[in-house]
Amino acid sequence: MDASLQPSCMWREGEGYCRMVFDGEIGMYKNHIKDTNNNYNKSLLPDHKEKLIQAIKRIKHEVDECWEAERETYIWSVDVERCFDHLEREVRAEFQNLHRFLDEEETMDMERLKKEKEKRVKLLREREKKIAMQGRDLERGIATLNNKLAEEDSPKLLKEIQDLLKRCQVAFIPPPQVDVEVRSAHFVGPIQYRIWKHMKSCLYPNITEVTFDPETAHPLLTLSPSCTSVWFEEDKVIPKASEEEPPNPRCFHYYYSVMGREGFITGRHYWEVEVGHKTAWRLGVAREDVHRGEMDSSGTSNGLWTLSLKGGAILACTDPKPTKVPVSIRPVRIGVFLDCEKEEVAFYNAVTMTPLYTFSMETVFVPLIPFYNPCDTDDGRNLGPLNLFSPSI
């Protein structure tokens with residue numbers, strides 16, 4: 001046998017046995033690897049190195065984006081934390097105002113109660129003194145009569161007794177009565193409702209009185225005489241305008257909409273709209289100069305910040321597409337809150353005061369006007385009006 005093919009004993013770890021391997025086979029395998037390493041295509045190496053360089057650059061760019069995103073997120077977190085801290089102080093201040101109001105009301109009520117108590121007790125004490133004085137006078141009269149009875153009989157005693165009997169025709173005369181009944185209704189009664197009504201003076205924002213502006217109403221809309229109710233009339237007869245009379249530029253002529261009379265530039269304002277069980281509606285706030293005709297978008301980009309009911313869903317009319325607002329119960333009355341300083345429009349379920357959606361606006365340099373759209377009749381399913389609701393406090 002060739003010496004190169006002599007078997008050798010090789011221990012394979014983990015296998016627990018000795019395997020016979022020819023030395024010649026090992027040598028042939030090593031030569032094969034050496035030949036393969038010597039025969040690689042050197043022309044491909046520069047291309048692959050360039051690809052590695054590009055990969056490194058790309059990953060470095062991703063790393064830069066990662067760090068930038070981390071920095072940006074950190075700035076956002078600090079800003080959000082600051083905003084919530086400010087909001088916490090604002091909420092606390094609002095409650096402090098309420099506490100201060102309640103403390104003042106309590107102080108006034110307790111002072112009124114104290115004065116009435118002092119007055120009533122004083123009258124009773126004075127009556128008590130007058131009765132005590134009469135009692136002492138009567139007791140002195142009894143003592144005088146007893147003394148006369150103890151004297152020895154004599155003509156003089158008879159005359160004195162006769163005189164005493166004339167003078168002792170006295171009786172207890174009760175002083176005028178004092179009202180001793182303490183009527184809780186005068187001080188308690190519906191105290192919570194009374195305080196609630198008093199609180200109206202410190203409400204901010206207070207309930208804003210709003211009405212519809214008939215000059216802006218689409219021709220197929222009908223307004224109540226008080227301009228607090230509006231509905232769509234499909235068969236409404238529209239009088240023909242004179243050829244010389246120019247069309248009203250303030251009137252909506254495409255969307256079935258109407259604006260409010262009141263415009264707001266500063267302050268905080270809140271009003272409520274009763275939507276009932278209508279199947280479609282839209283309401284909110286619009287720029288005073290909002291386009292009255294057809295628009296490519298009837299959302300925020302064209303100066304409208306509105307909430308709507310369409311297809312059974314509550315929608316915030318955002319751009320480029322509406323945002324669905326999740327609700328557990330479809331609201332029958334919508335509260336609209338406009339904060340001109342914070343440039344926000346918020347919507348609430350006015351029955352439960354549950355927040356529905358909040359728009360953040362950019363700075364607007366024209367008045368903001370309440371906006372309403374009762375929508376069409378929806379084949380007779382949407383005949384109800386939009387009513388401006390005035391909560392009584």
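Nothing fancy with the numbering, it's 1 onward along the sequence.
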Next on the checklist: A side-chain contact here means heavy atoms from C-beta on lying under 4.5 Å apart; do Thr216 and Asn248 qualify?
Outcome noted: no

Checklist entry - Charged N to carboxylate O under 4.0 angstrom, Arg120 versus Glu116? => result yes

Checklist entry - Distance from Ile195 atom CD1 to Glu105 atom CD, nearest 0.5 Å? => result 4.0 Å

Item to check | Linked, directly or transitively: Phe264 and Phe371 (ILVMFWY side chains, under 4.5 Å) | outcome: no

Checklist entry - So if you build clusters from Ile, Leu, Val, Met, Phe, Trp, Tyr with side-chain heavy-atom gaps below 4.5 Å, do Phe359 and Leu338 land together? => result yes

Item to check | Hphob cluster co-occupancy, Val275 + Phe212, side-chain heavy atoms under 4.5 angstrom | outcome: yes

Item to check | Atom pair CG/CZ of Leu304 and Arg282 - distance to nearest 0.5 Å | outcome: 5.5 Å

Checklist entry - Near Arg125 CZ, under 6.0 Å, is it more than 12 heavy atoms from other residues, nucleotides or ligands? => result no

Next on the checklist: Angle between ring planes, His99 versus Phe95, binned at 30° and 60°: parallel, tilted or perpendicular?
Outcome noted: tilted

Next on the checklist: Between the side chains of Lys342 and Glu90, is the shortest nitrogen-to-carboxylate-oxygen separation below 4.0 Å, so that they form an ion pair?
Outcome noted: yes

Next on the checklist: Please check if the number of heavy atoms outside Ile75 that lie under 6.0 Å from its CD1 is greater than 12.
Outcome noted: yes

Next on the checklist: Please check this pair: side chain of Arg292 against backbone of Val290, looking for a donor-acceptor N/O pair closer than 3.5 Å.
Outcome noted: yes

Next on the checklist: Please report the interatomic distance OG1(Thr73) to CD(Glu68), rounded to the nearest 0.5 Å.
Outcome noted: 9.5 Å

Checklist entry - Can you check whether Glu215's main-chain N or O pairs, donor with acceptor, with Arg250's side chain at less than 3.5 Å? => result no

Item to check | Expected output: side-chain Thr208 to main-chain His269 donor-acceptor under 3.5 Å | outcome: no

Checklist entry - Hey, any chance Trp231 and Tyr256 share a hydrophobic cluster, counting ILVMFWY side chains that come within less than 4.5 Å of each other, even indirectly? => result no

Next on the checklist: With heavy-atom distances below 4.5 Å as the criterion, would you say the side chains of Arg330 and Leu309 are in contact?
Outcome noted: yes

Checklist entry - Do any N or O atoms from the side chain of His86 and from the backbone of Arg82 form a donor-acceptor pair under 3.5 angstrom? => result no

Item to check | Heavy-atom pair with the smallest gap, counting every atom of Ser257 and Asn373 | outcome: OG-ND2, 3.2 Å

Next on the checklist: With a sphere of 6.0 Å drawn around CZ of Phe172, does it hold more than 12 non-hydrogen atoms of other residues, nucleotides or ligands?
Outcome noted: yes

Item to check | Heavy-atom check, side chain of Ile207 versus side chain of Tyr270, under 4.5 Å | outcome: yes

Next on the checklist: Can a side-chain donor-acceptor contact be found between Thr358 and Glu344 if the only test is distance below 3.5 angstrom?
Outcome noted: no

Checklist outcome for this item: Taken in chain and number order and not counting sequence neighbours, the residues that satisfy side-chain contact (heavy atoms from CB on, under 4.5 Å) with Glu88 are Asp85, Arg92

Item to check | Taking every non-hydrogen atom, the tightest pair across Arg381 and Thr279 | outcome: O-CG2, 3.4 Å

Next on the checklist: Other residues, nucleotides and ligands only: do more than 12 of their heavy atoms fall within 6.0 Å of CG on Leu52?
Outcome noted: yes

Item to check | Atom pair OG/OH of Ser298 and Tyr254 - distance to nearest 0.5 Å | outcome: 9.5 Å

Checklist entry - Are the side chain of Glu262 and the backbone of Thr211 linked by a donor-acceptor contact shorter than 3.5 Å? => result yes

Item to check | Heavy-atom side-chain contact between Met199 and Leu98 under 4.5 Å | outcome: yes

Checklist entry - Side chains of Val336 and Val345: closer than 4.5 Å at any heavy-atom pair? => result yes

Checklist entry - Taking all atoms of both residues into account, what is the closest heavy-atom pair of Ala217 and Cys251, and its distance? => result O-SG, 2.9 Å

Item to check | side-chain contact (heavy atoms from CB on, under 4.5 Å) against Val364, all qualifying residues, sequence neighbours excluded | outcome: Arg287, Trp305, Val366, Leu368

Checklist entry - So, does Glu341 use its side chain to make a donor-acceptor pair with the main chain of Gly267 at under 3.5 Å? => result yes

Item to check | Donor-acceptor under 3.5 Å (Asn382 side chain, Pro374 main chain) | outcome: yes

Checklist entry - Rounded to the nearest 0.5 Å, how far does CD of Glu104 lie from CG of Asp109? => result 12.5 Å

Item to check | Qualifying side-chain hydrogen bond (donor to acceptor under 3.5 Å, both in side chains) pairs with a residue from residues 126-139, counting only residues at least two apart or across chains | outcome: Asp137-Arg140

Next on the checklist: Less than 3.5 Å apart, any donor N or O on the side chain of Thr363 or Glu343 sitting next to an acceptor on the other?
Outcome noted: yes

Checklist entry - Is the backbone N or O of Gly384 less than 3.5 Å from a side-chain atom of Lys278, with the two atoms forming a donor-acceptor pair by type? => result yes

Next on the checklist: Walk me through whether Trp76 and Glu72 qualify under side-chain contact (heavy atoms from CB on, under 4.5 Å).
Outcome noted: CA-CA 6 Å; Trp76 286 346; Glu72 190 177 61; 3.5 Å; yes

Checklist entry - So, the side chain of Asn349 versus the backbone of Pro331: is there a donor-acceptor pair under 3.5 Å, distance only? => result no

Checklist entry - Going from CZ on Phe252 to CG on Leu221, what distance comes out if it is rounded to the nearest 0.5 angstrom? => result 10.0 Å

Checklist entry - Where the side chain of Asp339 meets the backbone of Arg268, is there a donor-acceptor pair that is under 3.5 Å apart? => result no

Item to check | Glu118, CD atom: more than 12 neighbouring heavy atoms under 6.0 Å | outcome: yes

Item to check | Shortest non-hydrogen separation from Ala313 to Lys324 and the atoms involved | outcome: CB-CE, 4.0 Å

Item to check | Within one Ile-Leu-Val-Met-Phe-Trp-Tyr cluster: Leu386 and Ile314, side-chain cutoff 4.5 Å | outcome: yes

Next on the checklist: Between Tyr255 and Met295, is there a side-chain heavy-atom distance shorter than 4.5 Å?
Outcome noted: yes

